[in-house]
Amino acid sequence: MTPLTAEDSCALVIFGASGDLTKRKLVPALWQMFQGRVLPDPFVVIGVSRSEMTNEEFRSRMREAVAEFARVQPASQKVWDRFAQTLLYYSGDPANPALYPGLVEYLARVEQERGTGGNRLFYCATPPSLYPPLVRRLGEAGLNRPPEGSGGVVRIIIEKPFGRDLASARALNQVVASVFSEEQVYRIDHYLGKETVQNVLVFRWANGIFEPLWNRNHVDHVQITVGETIGVEARGAYYEESGALRDMIQNHILQLLCLVAMEPPVTFDADPVRDEKTKVMRAIRPIAPAEVDRVAVRGQYGPGFVAGRRAVGYREEKGVSAESITDTYAALRLEVDNWRWAGVPFFLRTGKRLAKRTSEIAVQFKPTPHLVFQRNPEILAEPNLLVLRIQPDEGMSLSFAAKLPGPDLKIKPVEMDFNYGQAFGGEPPEAYERLLLDAMKGDATLYARGEWVDMAWELLAPVLDAWAVGDATKFPNYEAGTWGPAEAERLIEESGRRWRRP
Ligand SMILES: NC(=O)c1ccc[n+]([C@@H]2O[C@H](COP(=O)([O-])OP(=O)(O)OC[C@H]3O[C@@H](n4cnc5c(N)ncnc54)[C@H](OP(=O)(O)O)[C@@H]3O)[C@@H](O)[C@H]2O)c1
C-alpha cells in the first residue's frame with residue numbers, strides 16, 4: 001500500500017465506536033496500517049458513542065480488540081503506546097443534537113493540538129436507523145464543511161446496509177445529498193476492498209488473452225456463489241429484518257456481477273469505473289412481478305449437520321420467530337441485455353449453513369464448436385471453466401481437457417491453478433485497510449455511488465415484494481449443511497445447466 005502523506009492527515013471520527021464493527025474491523029485495520037507505516041502522520045481517531053468511557057478505557061478495549069482480531073501484533077508496549085495515542089473517545093448520543101456543540105469544539109481543539117489540519121473523515125458505524133438523523137445533525141452543526149480557511153476536505157463513510165428497500169435507500173440518499181455533495185460520500189461495500197475482487201479487473205484488463213473470449217460468443221453462463229457454513233450466530237434479530245437477498249445479493253454479489261460484466265473503463269479512476277458499473281446495472285433485464293417465481297428461489301435452513309456437527313434450524317436461533325419466513329438462501333437468474341452478454345445467463349446464489357464456505361465467480365465457457373472426438377462416446381471433453389476464488393483459498397483455476405496418458409484416447413479435465421498465498425506469500429491486507437486508506441486520500445473507485453445503490457434496490461424490489469409474504473409451512477426447505485433448496489436446482493437445470501459444487 002502506498003503510504004499516506006502529511007497532506008492526507010486527518011481526524012477520523014467514528015460514530016458507534018463502542019460497537020462490534022469498530023473493534024472487529026476498523027481499529028484492527030487502523031493498527032495494521034499504523035504498523036505498516038501507511039497511516040498519515042499526524043493522525044487521530046475520535047470514537048463517539050453513548051457508552052461512558054475515558055480515553056484510557058477506550059484504548060484498553062481496542063488493545064484487546066487488536067489482540068483478538070488483528071493479523072499482526074504489536075512488537076512491544078512502546079509501539080502500541082504510540083498507536084494508542086492516536087485514539088481518543090468522546091461520549092454522547094450521535095442522534096441527539098445536544099452532542100454537537102461540544103463535539104465541534106472538542107474536534108477543533110484536537111485538530112489544533114495534534115496538527116491534523118482541516119481534513120475530517122466521519123464514519124457511520126451505528127445501527128443503520130441512525131444514519132439519517134446523524135447525517136442531518138452533522139449538517140446542522142456545520143460539520144459537512146471543513147473549518148474556515150483550513151483548506152481541508154470533509155468526507156463521510158456510510159456502512160452497509162444502505163437502506164433496506166428502494167424507498168428507504170432513496171430517502172437516505174436524499175438526506176445525504178441534502179448535507180453532503182456526492183464527492184464527499186463513501187458508501188462502503190467491503191467486498192470491493194478485497195484483493196481478489198480487485199484482481200477480477202486486473203485479470204480481465206492486464207491480460208490480453210482473456211478479453212477476446214469474455215462475451216456471448218464464448219461464455220455459456222456465469223455462476224456467482226457466496227456460501228457460508230455459519231448460521232446467524234448472535235445476529236438473529238438483525239437477520240430477521242434482512243435476509244440473504246438484502247444482506248448479500250443487493251450489494252456484494254451484484255457488485256461482483258458488475259465487475260465481471262462491465263466494459264473496460266477508460267482509466268482506473270472513480271468516475272470511469274463507476275460509470276461502467278452503472279451501465280451494467282442499466283442493462284440487467286428488470287424482473288417482472290409475474291416472473292419472480294421463475295427467476296428467483298428462496299430458502300431457509302432447518303436443522304442438520306455442518307462439518308459433522310449438529311446445527312439447529314434457523315427458526316431455533318436466538319432472536320428468530322418460530323414462524324419466520326426470512327430467506328437464509330437466495331438464488332437468482334439474471335440476464336444482462338447488452339451487445340456483449342445477450343443470451344448469457346448469470347446465476348447468483350448465496351446462503352447460510354451451506355455445505356461449504358466459499359465465494360467464487362465461475363465463468364463457464366461454451367463447448368468446442370465441433371466435436372472431433374465424438375465418434376467415441378467415452379471421449380467427452382468438458383467445456384473450459386474459469387473459477388475466480390474470492391475467499392477462502394484465494395486464487396483462480398482454469399480447467400481444460402488433457403489426454404489421459406495411455407494407449408487409448410481418453411480425455412480428462414485438468415486444472416491450472418493460481419494460489420495467492422503460494423505466489424505472493426503472506427496474507428493480503430484486510431479489505432477495511434484498503435478502503436480506509438482510499439477514503440483518506442479521496443479515492444472513491446472502490447465505493448458505491450448513490451445511483452448504483454438505488455438501481456440495485458430497484459432491480460430487486462419485485463423479488464423483495466413477493467418475498468415479504470409467504471406460506472410459513474413451506475419453510476424450512478433445506479437442511480443445514482447442504483447446498484440449499486431443491487427448487488434452486490430447478491432454477492438452473494431447466495436451462496440445461498447445473499450448479500457447481502465448489
Ligand atoms: N459488525 C460487523 O462486522 C459489521 C460488518 C459489516 C457492516 N456492519 C454495519 O456497521 C454498523 C455498525 O455495526 P455494529 O455491529 O458495530 O453494530 P452495534 O455493535 O450493534 O452498534 C454500534 C454502536 O452504535 C451505538 N448505538 C446502538 N444503538 C444506538 C442508538 N439507539 N442510539 C445511538 N447509538 C446507538 C452503540 O454504542 P452506544 O450504545 O455506546 O451508543 C454501538 O456501539 C451497522 O450498520 C452494521 O450493519 C457491521
Side-chain angles (χ1 to χ4, degrees), residues 189 191-192 196-197 200-201 203-204 210-211 213-227 244-264 276-288 291-298 327 329-351 358-366 383-390 396 448 452 455-464 483-484 487-502:
D189 185 324
Y191 253 59
L192 295 178
T196 41
V197 171
V200 175
L201 302 184
F203 175 78
R204 288 190 56 194
F210 296 104
E211 197 52 23
L213 308 177
W214 211 258
N215 56 51
R216 70 196 158 86
N217 296 327
H218 300 280
V219 176
D220 177 77
H221 74 282
V222 177
Q223 292 185 22
I224 304 180
T225 302
V226 176
L245 192 69
R246 285 191 170 91
D247 199 39
M248 284 286 177
I249 294 193
Q250 184 274 336
N251 35 61
H252 311 319
I253 298 186
L254 283 177
Q255 285 283 359
L256 293 180
L257 184 155
C258 284
L259 298 181
V260 172
M262 69 196 268
E263 294 300 317
E276 295 304 334
K277 288 205 276 185
T278 297
K279 286 187 206 161
V280 176
M281 294 304 289
R282 235 172 243 140
I284 298 178
R285 188 181 303 165
I287 301 167
E291 286 282 281
V292 170
D293 286 346
R294 198 181 65 76
V295 301
V297 170
R298 60 175 151 168
D327 48 304
Y329 176 98
L332 270 188
R333 174 188 171 138
L334 294 178
E335 311 286 334
V336 181
D337 284 336
N338 61 16
W339 198 270
R340 188 188 279 264
W341 295 114
V344 179
F346 283 72
F347 295 98
L348 319 179
R349 64 177 163 165
T350 183
T358 184
S359 294
E360 62 159 48
I361 300 165
V363 180
Q364 178 70 67
F365 290 92
K366 289 188 173 175
N384 300 109
L385 175 73
L386 175 74
V387 180
L388 307 172
R389 296 189 302 271
I390 307 296
M396 63 179 70
W452 190 97
M455 291 166 105
W457 282 119
E458 192 169 14
L459 174 71
L460 299 182
V463 186
L464 288 169
W483 276 106
E487 294 90 320
E489 306 298 325
R490 187 234 346 121
L491 175 83
I492 191 165
E493 283 171 9
E494 69 179 17
S495 74
R497 299 159 174 112
R498 269 179 306 145
W499 289 115
R500 273 174 43 72
R501 293 282 177 261

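Worth saying up front: this structure is predicted, and the values here are computed from it rather than measured. Atoms considered below: every heavy atom in the structure, side chains included; atoms not considered: hydrogens, waters and symmetry mates.
Contact annotation: the side chain of Ile253 never approaches that of Leu332 to less than 4.5 Å [non-hydrogen atoms, C-beta and beyond]. Looking at heavy atoms from C-beta onward, Leu385 lies in side-chain contact with Arg500 at the 4.5 angstrom threshold. Under the 4.5 Å side-chain criterion, counting only non-hydrogen atoms from C-beta, Val280 is not in contact with Trp341. Side-chain contact between Leu256 and Tyr191 is present, with at least one heavy-atom pair separated by less than 4.5 Å. No side-chain heavy atom of Met281 sits under 4.5 Å from any side-chain heavy atom of Glu458. Counting heavy atoms from C-beta outward, Lys277 and Gln255 have side chains that approach closer than 4.5 Å.
In summary, Glu489 and Arg501 engage in a salt bridge, as defined by a charged side-chain N under 4.0 Å from a carboxylate O. With respect to the salt-bridge test (charged N to carboxylate O, under 4.0 angstrom), the residues Glu493 and Arg333 do not qualify. We find that Arg490 and Glu487 are not joined by a salt bridge, their nearest charged nitrogen and carboxylate oxygen being 4.0 Å or further apart.
Using a distance-only test at 3.5 Å, with no hydrogens or angles considered, a donor-acceptor pair links the side chain of Trp214 to the main chain of Val260. Of the possible polar contacts, one joining the Arg204 side chain to the Met262 backbone as a donor-acceptor pair under 3.5 Å is found.
Residue Asp293 places its CG atom among 12 or fewer non-hydrogen atoms of other residues, nucleotides or ligands, all under 6.0 Å distant.
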